[in-house]
Amino acid sequence: MSETPGSGAAQPPPAVLPIEIPSNPPLQPQGSAKTTRPAEAAGVLKLSAAELKKKKQAEKQARRAQTKGSGGPPSQQKGAPPKDGFKQVKELKQAAKDDKLRPMSARRRPSQSEVTVPEKLKKEIRKEPKQQGLFFGHLYNQPRQHSMVGASKDVHPAVLALGLQYSSYVVCGSTARMVSMLLAFKAVIESYSTPVGTSLARHLTSHHLSPQIDYLRSCRPLSISMGNAIRWLKDVIIKIDPSTPEAQAKRDLLSEIDNFILQRITAADELISETAAKKIEEGDVILTYASSSIVEKTFLRAHNAGIKFSVMVVDSGPLFEGERLARDLANHGLQVRYRNIRAASHAVRDASKVFLGAHAMMSNGRLYSRVGTAVVSMLANDHSLPVIVLCESVKFTERVALDSIVGNEVAPAEELLSESERQALLSLKKPEGSDEAKAGPDDVLKWIAGSDTQMLQVLYDVTPAEYINMVITEYGSLPPSSVPVVHRLSTNT
Amino acid sequence: MRPEVVSVAPGLSSFLKSLKTTPVEPSIEHFISLLKRRQIRNSRPCAIATTALLLRVVGEFKGRDAGKLVERIRQVGRRLTSAQPREVVVGNIVRRVLGLVREVVDENIDADTNTNSDFGHNSQPHHDSLTRPALASSISTFSPLKYAAVEPMDSSFHQSDLSESGELSKRPPLLASHTSYAPTSSAPLGNSLFGLFSHPDTPSTSSTPTGHQSPDSKGMLTSLNLERLADFSKTNLDLKAEVMDGIRELQDELDQSDDLIAANALDHIHSNEIILTHTASTSVQKFLLAAARKRKFTVVHAETFPHNHTSTHGILLTGKKRGDSGDDSEDAWKPLTTAGIQVVLIPDSHVFAIMSRVNKVILATHTVLANGGLVAAAGAHMIAKAAKVHQTPVVVVSGVFKLSPVYPFDIEELIEYGDAGSVVPFEDGDFVDKVDVENPLYDYVPADLVDLYITNLGGHAPSYLYRIVADHYRSEDITL
């Protein structure tokens, strides 16, 4: 354990993956980690299950308060704007370079001043319990990690960087997250050396990979595809013959990962986009919601094949992923229309087909995708439009879901209000609290937190299977009811 | 005087202020320009401004001729509605005022015939049938099509006249009676179509069997000539005053409709309910507040980005709608949260995900149409649809003044499109150049997605709305 080199900056990984290690050794911020959690110290006294939740919320509040108190530049909090959602490793590298430019500690929620926190904390604790718990109370258990502060020392720098990109939505989208995770894991495996007395097959998974996964999970809950990939990777590692020399085993693993990406993503995408592009006919108006890499690929393929069709991108805040899709498509010369989800009922009227990307396909045939997909497919179904889901089989899961509430991912509420919206609200506030002469946008958040208003935001919803006419996977086109079959097929091979 | 008021803050409040000092004609022009520039928008401000303007129009009206008054209001109404056809409420109010005039005339006639019948006791049915046609024909000059309906009604008019019939049954016979008497008169066509203005006395002399009628009852036949009657009939003296009273009542109705609607709140909201609503609506907020006084529940509020979200946020936090600064009464009420109601703000995309937990959907509306459908802020359709799919009841809260006799033959016609720059800012020139962006402001929600309408008259099924429309608008006025 002690000689695990993964986390040290002193021993950079052999650079197959072009992720650079940030200049600060990750050990350093860990030192300050102890001071960041005053709430923990205060709340240790009695921690029943209910108290635990309160404490977590308080912690969040405290962090928020600290951000305000220290006057950290708010523009830096978000890292790169999520709109520019990069998907490939290339960009990953670029983002990692960004990390180098600014000191790590200043990048996110600086946590220095904590003098005023306790009083504030108490007040907020009293108020909090009935908030948040309404719909997704069960999902608020884990406050999202926005910094590498407090990360285990075993976490590889590549993974640390990736985690930050997850939490700031720089790397966003189920496929992109999975691929980037696997690439990061390649870096982890490359720099791994088995400690004396254990075998790679036993040690790598449980002792070396799991801290990485835990860290990624703390940054943002794992996507279904990531879960699938992790399961597969662990399976592969376990199956490594203990007698294989370490170097050989690592090489095998790396090529296995490459193969996995090639087979399950690259080739699958190729197959899917080929099939789906055939579904696009001359004069079609294809409606899509938010952004999906595979849907984009399909559009471009059909466009390159010379089919004249137009695309209707329906989008919704706060991520506005569709905006980027619309931009890309328009830059490729497609005719693109862009609508807000509010105008979905109008958009559906003009459309002839609906193509949707997926976060995951549930075993009961339901589609788990970006929140809003269900609304769009409901309206499309109402207009008797064919709803076609494009989804690699790696995103299929044996999990089932009936509604969007039991399993979902809660996004931080403060993301719901953009900077400009906060400014707009500020003018409303002034007549009431005249004492605050120069209130910043953050005060609006405080104000909202102070009232009984809760901003709720989740990232996914579940589309009933009856709205989906077809799922196109690399195994072919099938009805949503065949999802479990394909899932079995794809996991057994 | 007026220009500087306008330059300060064009809108409802400045208009109402200027209305007091400006002559009618410039005021109409002013209102038209405000409507066209969308400086007065949304149902309530439009309704308030229209009633205030019509009050002025009626007040300034010279002469006592009801027909001319009707024509005047109608003419103003036509100009207003053509200035902004999508603010259906303007047309509604004009129709309501027209109905008022007719009602006043009707009442006067009824009163007269009653006094007359004391004298001419032997000819009660004839009086009825004689007096009403006058009104009907004066109306029908505006819509010649109505004559087509004359013949079939012919047989039944006596019956319906005698019975204490409602407006609907009363009106068709009014048209018919003239022709029914026409054979006895020398110039039947002249009577019904053109003779109203030129030969006011002929029908009465020729068709009245008793022939001993007082001069005023003769004149009553041709109520277009009310002016003539003024000297004789005391009831006609206050036609204008009565209409103006009626308009003031209408204003009161506008003021009170929210409170009257809110009075129903406790019948529809029970404890611990989860209620979903959208956009910033005074009616809905007051409705919820009224319920909040007695019960605790949770409100889920869809923010309707990007058109209304700031005012939605505002209404949640301050309880005040932005831009409504002119309306002082609004300042009095507080945000829901101060009433102890937990409010959850969600983006519009979450509607489907949340709907399974929602007990009731309460929608605000822009206009309610005669078939029970409604035009509401964009997003309403998907909310109503999602509610339908989840079998969640959809309640629409609306004042009666929003209820329009317009039938939605062309839905697209009713939908207004707003500034696309609020979806994608125009600074993003590259994007705006290449991509077609639209921002519809309204949605049409068909009647079958709505379970209940709550108006200031109470709760109604969507299928019953046609009846309320019939109660509030005279069929003669439906086409302005």
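Protein chains get the first letters and strands the later ones, always in sequence-line order, with residue 1 at the start of each. The structure displayed is predicted, hence computed values, not measured ones.
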Between chain A and each of B:Ala353, B:Gly379, B:Ser356, B:Ala378, count heavy-atom pairs under 4.5 Å; write down the option with the most.
->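 If we count pairs closer than 4.5 Å to chain A, B:Ala378 comes out on top.
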Relative to chain B, which segment of A:Val462 carries a heavy atom at a distance below 4.5 Å: side chain, backbone, both, or neither?
->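 Answer is backbone: N, CA, C or O of A:Val462 sit under 4.5 Å from chain B.
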Quick one: what part of A:Asp315 sits under 4.5 Å from any heavy atom of chain B, side chain, backbone, both or neither?
->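 Neither part.
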Report the distance from atom CD1 of A:Ile341 to atom OG of B:Ser349, rounding to the nearest 0.5 Å.
->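 These two atoms lie 5.5 Å from each other.
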Could you give the distance from CE (B:Met355) to CE (A:Met378), rounded to the nearest 0.5 Å?
->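 Result: 8.0 Å between the selected atoms.
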Say whether, by atom type as modelled, one donor and one acceptor occur between the side chain of B:His350 and the main chain of A:Val458 under 3.5 angstrom.
->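 Indeed, once roles are kept as given, a pair shorter than 3.5 Å links the two residues.
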Are the side chain of A:Arg339 and the backbone of B:Asp436 linked by a donor-acceptor contact shorter than 3.5 Å?
->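 Checking the backbone N and O of B:Asp436 against the side chain of A:Arg339, a donor-acceptor pair under 3.5 Å is found.
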Is B:Arg357 paired with A:Asp403 through a side-chain N to carboxylate O contact shorter than 4.0 Å?
->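 Salt bridge flag = no for B:Arg357 with A:Asp403.
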Dump the intermediate steps for salt bridge (Lys or Arg N to Asp or Glu O under 4.0 Å) on A:Arg349 and B:Glu412, then the final yes or no.
-> CA-CA 11 Å; A:Arg349 212 171 294 148; B:Glu412 284 297 317; 2.5 Å; yes
Residue pair B:Asn439 / A:Arg342, side-chain donor-acceptor N/O under 3.5 Å =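 Distance-only check passes for B:Asn439 and A:Arg342.
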Compare all side-chain heavy atoms of A:Asn331 with those of B:Asp430 and state whether any distance is below 4.5 angstrom.
->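 The answer is yes; the side chains approach within 4.5 Å.
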So, do A:His346 and B:Ile415 sit near enough that their side-chain heavy atoms are less than 4.5 Å apart?
->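 A side-chain contact under 4.5 Å exists here.
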Between A:Val371, A:Asp461, A:Asn408, which shows the greatest number of heavy-atom pairs under 4.5 Å with chain B?
->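 Greatest number of close heavy-atom pairs with chain B: A:Val371.
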